[in-house]
Amino acid sequence: MNLETKIPPPAICFIYALLMYISAQVSALDGILPHFPILLSVVLMVFGTAFGVLGVWAFRRARTTVSPFNPEQTEHFVSDGMYRFGCNPMYAGMGCWPVAWAGYLAHPLP
């Protein structure tokens, strides 16, 4: 089984957000959904950023790698900090950004 990653997860999230924006701009389905309040989008983005930063911080405290490119460099199993509550807080945090962005765009395609 080959676990080699070609594109870093934050870049995938950014590409996905860009595609969401483009699809909302070129589609004729504008104005169907109500916009999220700006405050809700900002809160989701702050929440997602905090999850990601706290997840990276737990890895740094354990002195292990956060890079998905080199899983063989992992030296410790991290189960404290944000990892007490779930196994993927960095990905959960990144997942908050597209949800907030989709709500802000208020378009059915994204």
Side-chain angles (χ1 to χ4, degrees):
M1 179 161 71
N2 185 1
L3 296 176
E4 187 176 336
T5 305
K6 302 288 185 197
I7 304 173
I12 293 171
C13 188
F14 177 76
I15 292 167
Y16 181 62
L18 185 62
L19 291 173
M20 290 168 66
Y21 178 76
I22 291 169
S23 69
Q25 296 302 312
V26 300
S27 173
L29 299 174
D30 197 22
I32 293 176
L33 299 175
H35 283 275
F36 267 17
I38 297 293
L39 182 61
L40 180 58
S41 292
V42 170
V43 167
L44 275 171
M45 288 181 175
V46 168
F47 184 72
T49 301
F51 254 53
V53 167
L54 291 172
V56 170
W57 187 34
F59 269 50
R60 294 291 182 220
R61 276 194 330 240
R63 294 194 173 112
T64 191
T65 182
V66 296
S67 174
F69 296 113
N70 304 311
E72 68 279 353
Q73 292 179 355
T74 304
E75 296 186 18
H76 301 286
F77 180 78
V78 179
S79 61
D80 62 343
M82 289 302 295
Y83 290 90
R84 287 180 298 187
F85 308 110
C87 60
N88 291 315
M90 286 184 267
Y91 289 107
M94 261 190 292
C96 288
W97 279 74
V99 171
W101 184 233
Y104 175 75
L105 292 173
H107 200 276
L109 286 179

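Every value quoted in this text rests on a predicted model; they were computed, and no experiment measured them.
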Residues 42-54, side-chain donor-acceptor partners within the protein, below 3.5 Å, at least two apart:
from: Thr49; atom 1: OG1; to: Met45; atom 2: O; distance (Å): 2.8
from: Thr49; atom 1: OG1; to: Trp97; atom 2: NE1; distance (Å): 3.2

Would you say CZ of Arg60 has more than 12 non-hydrogen atoms from neighbouring residues, nucleotides or ligands within 6.0 angstrom? no
Would you compute the distance between atom CE of Met90 and atom OH of Tyr83 and round it to the nearest 0.5 angstrom? 3.0 Å
What are the two closest non-hydrogen atoms of Gly55 and Pro89, and how far apart are they? CA-CG, 4.3 Å
What are the two closest non-hydrogen atoms of Ala58 and Asp80, and how far apart are they? CB-O, 4.0 Å
Hey, could you give me each pair passing salt bridge (charged side-chain N to carboxylate O under 4.0 Å, His left out) that has a residue in residues 100-110? Not counting sequence neighbours. none
Let me check something: do Ile38 and Leu105 share a hydrophobic cluster, defined by ILVMFWY side-chain heavy atoms less than 4.5 Å apart, either directly or through other members? yes
dist Asn88:CG -> Met94:CE (nearest 0.5 Å) comes out at 9.5 Å
Could you pull out the closest heavy-atom pair between Gly95 and Val99, with the gap in Å? O-CG2, 3.4 Å
Distance from Leu18 atom CG to Ser23 atom OG, nearest 0.5 Å? 10.0 Å
Close side-chain approach of Ser41 and Trp101, heavy atoms under 4.5 Å: no
Main chain of Phe59, side chain of Thr64: is a donor-acceptor contact present, judged purely on distance under 3.5 Å? no
